[in-house]
Peer 1: 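Starting off with a structure, shown below.
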Amino acid sequence: MIFIMGEKRTFTCMLRRIICLILLVLMCSWAAKPVWSASIHIENASFEAPAVDPNGFPALPFVDQWTEIDLDTLSSSNTGVFANTPAGNPDHIVNADGNQLAFLGSQVGNALEQDLAATYKSGCDYRLTVAVGVSSQFPPSSVEPVDALELVLFYRDGNDVVDIVSRTVEATGLSSTQLMDFSLQLPAVPSGDTWAGKTIGVALRAAGMPGGFWDLDNVRLIESLPVSIPIENASFEAPFVDPNAFPALPFVEAWIESDNDTQGSTNTGVFANTPGGKTDHIVNPDGRQLVFLGSELGNGLEQDLNANYIVGCDYRLTVAVGISSRFPPSTIEPLDTVELVLFYRDGNDVVVDIAHQTVDAVGLFPQQLVDFSLHLPTIKSGDAWASKTIGVALRAAGMPGGFWDLDNVRLIESLPISIQIENASFEAPTLDPNGFPAIPLVDMWTEIDIDTFSSSNTGVFANTAADSNDHIVNADGNQLAFLGSELGNGLEQDLNADYKAGCNYRLTVAVGVSGRFPPSSVEPVDALELVLFYREGDDVVDIVSHVVEAIGLSSTQTIDFSLYLPTVQPDDKWAGKAIGVALRAVGMPGGFWDLDRVRLAESLPEPISDSAE
């Protein structure tokens with residue numbers, strides 16, 4: 001089918017076309033309007049401009065603040081804004097955000113783009129959400145070939161648009177009277193990524209045939225600062241399978257096994273991956289072992305974590321999923337499925353599911369795992385699971401006879417706003433690669449050093465070469481800070497941000513120990529304190545602290561530790577005060593802490609509830 005872009009149209013034809021597309025109204029958002037506002041500003045995010053004259057034609061072929069890419073270069077009939085119809089009309093969109101929406105022609109090549117005033121920040125992840133529906137009169141095709149819409153995050157390399165990540169939304173199952181939210185997730189941006197520090201670009205692109213129209217509304221972008229929540233035996237390396245013995249064991253350490261075979265436990269256990277070159281070798285496991293899970297409903301694995309659901313945070317559970325090469329779960333009706341679940345326990349110790357994601361076996365392979373994720377939206381103070389222990393479950397939901405291969409269970413906790421900390425990864429002052437590998441100075445931090453003469457307890461040092469036995473494998477950048485273990489040594493920084501009423505905070509620091517002079521891990525154990533404080537005049541007043549002991553820490557890999565400050569109340573003494581961050585030694589002299597990548601995340605302010613009348 002050939003579309004002639006230069007074809008002339010009369011103004012009457014243009015109006016007729018636009019009339020068609022306005023009655024197209026509208027999309028489908030099962031989710032009601034979010035209670036928390038987006039953290040990164042998008043201009044004209046709900047398409048309220050230009051304003052459509054209520055007494056005039058109910059659509060305009062323009063979208064303020066967005067770049068319109070329209071195959072109809074003459075009359076721009078594929079992109080524009082339209083007014084929602086009054087409530088009670090059969091084409092009224094019941095959950096529109098505001099009075100107007102955007103329309104987008106379904107043919108590939110039509111699009112809306114916007115370069116934001118924000119940049120991609122190292123260490124942050126991003127979630128783009130758009131409310132999507134279809135025209136009531138001219139919907140995109142929901143039969144083969146199905147029309148699709150692409151949500152895209154991009155950056156520019158010079159004048160060229162470079163896509164980073166995209167998600168395709170098909171027209172199947174969408175509504176013309178109710179919008180549905182669709183989200184695109186960009187994982188944490190490593191400092192070495194090409195797009196780190198680049199301007200954020202958002203695009204909504206049609207990917208189909210001509211003739212239909214998408215209804216778009218309420219574009220939101222959330223920037224989050226994620227941390228990893230520890231899961232015991234997350235890659236199922238325990239118990240260890242003897243390579244010279246039977247290649248599987250019917251046990252899974254640190255997990256509660258629910259096995260329909262109560263006698264032999266043949267439905268849950270760990271197995272060793274086969275050597276490379278074997279026909280059933282799994283090419284992308286995390287480690288050398290995985291877990292097997294029988295496909296019959298009732299088999300499962302659960303774990304109660306040493307962490308709680310925190311108000312203001314959201315969570316993403318990710319599991320690598322594959323299928324047995326000899327006994328795969330069924331891919332024909334009735335399909336076998338596995339469920340990823342986040343739960344909590346009520347006062348009677350009963351498991352209560354909060355959210356779940358169903359994965360079926362269609363399209364999976366025995367030789368390669370595929371990641372599947374479950375997203376739990378922002379925890380609110382009124383949620384029954386707020387502050388409860390986090391529970392993770394992997395449950396079979398099918399018929400007997402097959403087996404799932406599972407691996408690399410990960411849980412990410414995110415807060416939506418990253419607060420800048422100067423010299424957070426201790427890259428300044430810069431060390432001369434040809435000079436001494438440490439300097440007793442830390443730019444932008446107040447150094448509290450018991451050695452007032454030579455400042456030998458605080459400073460920065462260069463990570464060693466990758467092939468050195470003391471190389472820190474997960475350092476952020478080239479340098480870290482050292483901190484003497486004796487009580488009284490510390491690093492402090494007063495930030496250019498205030499404690500906001502309605503927000504909560506999470507301070508995270510990557511911590512390790514010196515390879516040559518580690519803090520004591522025997523009694524009395526040396527400790528490090530993470531602290532959030534404010535100042536009363538010149539006096540430091542601690543609000544909350546978290547103690548990290550030297551036990552179990554490494555000299556070659558740092559571990560993240562986090563400190564949480566609950567929701568700031570308007571009458572708290574620190575509300576409106578400048579935020580202070582401190583890292584303090586609490587121990588005996590002789591050892592050194594390795595510190596890196598200090599992060600502070602702030603939640604979006606929790607809305608004030610209307611008082612009951």
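Along the sequence shown, residues are numbered consecutively beginning with 1.
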Peer 1: Can you tell me if CG on Asp346 sees more than 12 non-hydrogen neighbours from other groups inside 6.0 Å?
Peer 2: yes
Peer 1: Can you tell if the side chain of Leu221 reaches within under 4.5 Å of the side chain of Val219, non-hydrogen atoms only?
Peer 2: no
Peer 1: Between Gln289 (side chain only) and Val241 (backbone N and O only), is there a donor and an acceptor less than 3.5 Å apart?
Peer 2: yes
Peer 1: Can you list, pair by pair, the side-chain donor-acceptor contacts under 3.5 Å of residues 412-421, counting residues two or more places apart and other chains?
Peer 2:
from   : atom 1 : to     : atom 2 : distance (Å)
Glu413 : OE1    : Tyr315 : OH     : 2.8
Glu413 : OE1    : Tyr564 : OH     : 3.2
Glu413 : OE2    : Arg506 : NH1    : 3.1
Glu413 : OE2    : Tyr564 : OH     : 2.4

Peer 1: Going by side chain to side chain donor-acceptor pair (under 3.5 Å), name the pairs with one or both residues in residues 539-550, residues two or more places apart or in two chains.
Peer 2: Asp542-Arg584
Peer 1: Write out all pairs satisfying salt bridge (Lys or Arg N to Asp or Glu O under 4.0 Å) with one or both partners inside residues 520-533, taking only residues at least two apart or from two chains.
Peer 2: none
Peer 1: Taking Asn260 for its side chain and Leu297 for its backbone only, find out whether a donor-acceptor pair lies under 3.5 Å.
Peer 2: yes
Peer 1: Verify the neighbour count for atom CZ of Phe240: are there more than 12 heavy atoms of other residues, nucleotides or ligands below 6.0 Å?
Peer 2: yes
Peer 1: Which heavy-atom pair separates Ala575 from Pro570 by the least distance, and what is that distance?
Peer 2: CB-O, 3.9 Å
Peer 1: I need the minimum non-hydrogen distance between Thr508 and Val227, along with the two atoms involved.
Peer 2: OG1-CG1, 3.3 Å
Peer 1: Does a side-chain heavy-atom distance below 4.5 Å link Pro377 with Asp314?
Peer 2: no
Peer 1: Indicate the ring-plane relationship of Phe292 and Phe271, choosing parallel, tilted or perpendicular according to the 30° and 60° boundaries.
Peer 2: tilted
Peer 1: More than 12 non-hydrogen atoms from neighbouring residues, nucleotides or ligands closer than 6.0 Å to CD on Glu232, yes or no?
Peer 2: no
Peer 1: Taking all non-hydrogen atoms of both residues into account, name the closest pair between Met399 and Pro334 and its distance.
Peer 2: CG-CG, 4.5 Å
Peer 1: For Phe251 and Glu257, what are the C-alpha separation, side-chain angles and deciding distance, and is it a side-chain contact (heavy atoms from CB on, under 4.5 Å)?
Peer 2: CA-CA 8 Å; Phe251 312 106; Glu257 301 171 61; 4.3 Å; yes
Peer 1: Could you tell me if Asp596 and Thr558 have a donor-acceptor pair between their side chains, going purely by distance under 3.5 Å?
Peer 2: no
Peer 1: Looking only at atom types and distance, does a side-chain atom of Tyr505 sit under 3.5 Å from a main-chain N or O of Leu563, one as donor and one as acceptor?
Peer 2: no
Peer 1: Can you check whether Ala550's main-chain N or O pairs, donor with acceptor, with Ser521's side chain at less than 3.5 Å?
Peer 2: no
Peer 1: Using side-chain heavy atoms (C-beta onward) and a distance below 4.5 Å, is Cys503 in contact with Val568?
Peer 2: no
Peer 1: Quick check: do Val252 and Val270 have side-chain heavy atoms less than 4.5 Å from each other?
Peer 2: yes
Peer 1: Between Asp560 (side chain only) and Ser228 (backbone N and O only), is there a donor and an acceptor less than 3.5 Å apart?
Peer 2: no
Peer 1: Give the intermediate values and the outcome of side-chain contact (heavy atoms from CB on, under 4.5 Å) for residues Ile164 and Tyr120.
Peer 2: CA-CA 11 Å; Ile164 305 171; Tyr120 295 105; 3.6 Å; yes
Peer 1: First locate atom CG of Asn267, then atom CG of Asn299, and finally report the distance between them rounded to the nearest 0.5 Å.
Peer 2: 4.0 Å
Peer 1: Looking at NZ of Lys577 and CD1 of Ile543, how far apart are the two atoms once the value is rounded to the nearest 0.5 Å?
Peer 2: 10.5 Å
Peer 1: Taking the side chain from Asp193 and the backbone from Trp195, do they hold a donor-acceptor pair closer than 3.5 Å?
Peer 2: no
Peer 1: Begin with the C-alpha distance, continue with both residues' side-chain angles, and end with the deciding distance and a verdict on side-chain contact (heavy atoms from CB on, under 4.5 Å) for Val547 and Val586.
Peer 2: CA-CA 9 Å; Val547 174; Val586 186; over 6 Å; no
Peer 1: Between Ser46 and Asp217, what is the shortest heavy-atom contact and its length?
Peer 2: O-OD1, 3.3 Å
Peer 1: Any side-chain heavy atom of Thr337 sitting closer than 4.5 Å to one from Val359?
Peer 2: no
Peer 1: Could you give the distance from CG (Leu184) to CG (Leu153), rounded to the nearest 0.5 Å?
Peer 2: 5.0 Å
Peer 1: Run the salt bridge (charged side-chain N to carboxylate O under 4.0 Å, His left out) test against Asp371 and tell me which residues pass, sequence neighbours left out.
Peer 2: Arg410
Peer 1: Once rounded to the nearest 0.5 Å, what's the spacing between atom CG of Asp286 and atom CG of Asn408?
Peer 2: 4.0 Å
Peer 1: Looking at Asp259 and Asp261, would you say the former's side chain and the latter's main chain have a donor-acceptor pair under 3.5 Å?
Peer 2: yes
Peer 1: Taking the side chain as everything from C-beta on, heavy atoms only, tell me whether Leu364 gets closer than 4.5 Å to Phe372.
Peer 2: yes
Peer 1: Does the side chain of Tyr534 reach to within under 4.5 Å of the side chain of Ile579, using non-hydrogen atoms?
Peer 2: no
Peer 1: Any side-chain to backbone donor/acceptor pair from Ser554 onto Thr556? Under 3.5 Å, distance only.
Peer 2: yes
Peer 1: If the condition is salt bridge (charged side-chain N to carboxylate O under 4.0 Å, His left out), which residues does Arg395 pass it with, not counting sequence neighbours?
Peer 2: Glu302, Asp353
Peer 1: Might you point out which heavy atoms bring Phe182 and Arg167 nearest each other, and give the distance in Å?
Peer 2: CD2-NH2, 3.6 Å
Peer 1: For Leu369 and Gly322, work out which heavy atoms get closest and say how close.
Peer 2: CD2-N, 3.6 Å
Peer 1: Counting C-beta onward and ignoring hydrogens, is there a side-chain heavy-atom pair between Leu480 and Leu595 closer than 4.5 Å?
Peer 2: no
Peer 1: Aromatic rings Trp255 and Phe236: how do their planes relate, parallel, tilted or perpendicular, breaks at 30° and 60°?
Peer 2: tilted
Peer 1: Can you tell me how far apart CG (Leu301) and CH2 (Trp404) are? Round to the nearest 0.5 Å.
Peer 2: 13.5 Å
Peer 1: Supply the atom-to-atom distance Ile472 CD1 to Ser555 OG, rounded to the nearest 0.5 angstrom.
Peer 2: 7.5 Å
Peer 1: Test side-chain contact (heavy atoms from CB on, under 4.5 Å) on Arg316 and Asp125; report intermediate values, then the result.
Peer 2: CA-CA 12 Å; Arg316 188 173 70 252; Asp125 62 16; 3.7 Å; yes
Peer 1: Closer than 3.5 angstrom, by distance alone: can the side chain of Ser224 be matched with the main-chain N or O of Pro226 as a donor-acceptor pair?
Peer 2: no
Peer 1: Using the test salt bridge (charged side-chain N to carboxylate O under 4.0 Å, His left out), find all partners of Asp494 that sit at least two apart in sequence or belong to another chain.
Peer 2: Arg535
